[in-house]
Amino acid sequence: GSLVYGAIGARGGSGATLSAASGQVETWNQVQVLPDKMFGGAAYVFDNDNRTLTWNVAGCYNSATAIVAVKRLSAN
């Protein structure tokens, strides 16, 4: 399997929820109110298939996401 870890930042975001897909674990969910609303979040999942991490962000007008997958190597 692989470890997939993702982070998101959203300007104007007043909050966010991680999608309810099986196995996803949210590790960070924080909103800064001033000087302008800013949301930050992070999550991970262990999986053997293609997978996405999806947040639903309220009030967002600009966002950026970074995702890293660490694939287990075979010892063959």
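What you see is a predicted model, and the numbers here were worked out from it, not measured in a lab. We number each residue from 1, following the sequence as shown.
Remark: Thr17 pairs with no residue by the side-chain hydrogen bond (donor to acceptor under 3.5 Å, both in side chains) rule, at least two apart or across chains. Under the side chain to side chain contact (heavy atoms under 4.5 Å, CB included) criterion, Ser14 pairs with Lys37, Ala58, sequence neighbours left out. For Tyr5, the ring pair (Phe, Tyr, Trp, His ring centres under 6.0 Å) criterion is met by no residue, not counting sequence neighbours.
Contact of the Asp36 side chain with the Arg11 side chain is registered, since non-hydrogen atoms from C-beta on lie closer than 4.5 Å. Taking the side chain as every heavy atom from C-beta outward, Trp55 and Glu26 approach each other to under 4.5 Å. Within the 4.5 Å cutoff, the side chain of Tyr44 has heavy atoms near those of the Leu3 side chain.
Here the closest non-hydrogen pair linking Ala10 and Val57 is CB-CG1, 3.9 Å. Among all heavy-atom pairs drawn from Gly9 and Met38, the shortest one is CA-CE, 4.4 Å.
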side-chain contact (heavy atoms from CB on, under 4.5 Å) between Val4 and Val68, intermediate numbers included: CA-CA 6 Å; Val4 179; Val68 175; over 6 Å; no
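Hydrophobic clustering, with ILVMFWY side chains joined whenever heavy atoms are under 4.5 angstrom apart, keeps Ile67 apart from Val70. Taking hydrophobic clusters as Ile, Leu, Val, Met, Phe, Trp and Tyr residues chained together by side-chain heavy-atom distances below 4.5 Å, Leu18 does not share a cluster with Phe46.
If you check the side chains of Gln30 and Trp28, you find a donor sitting under 3.5 Å from an acceptor.
For Asn29 (side chain) and Ala16 (main-chain N/O), a donor-acceptor pair under 3.5 Å exists by modelled atom type.
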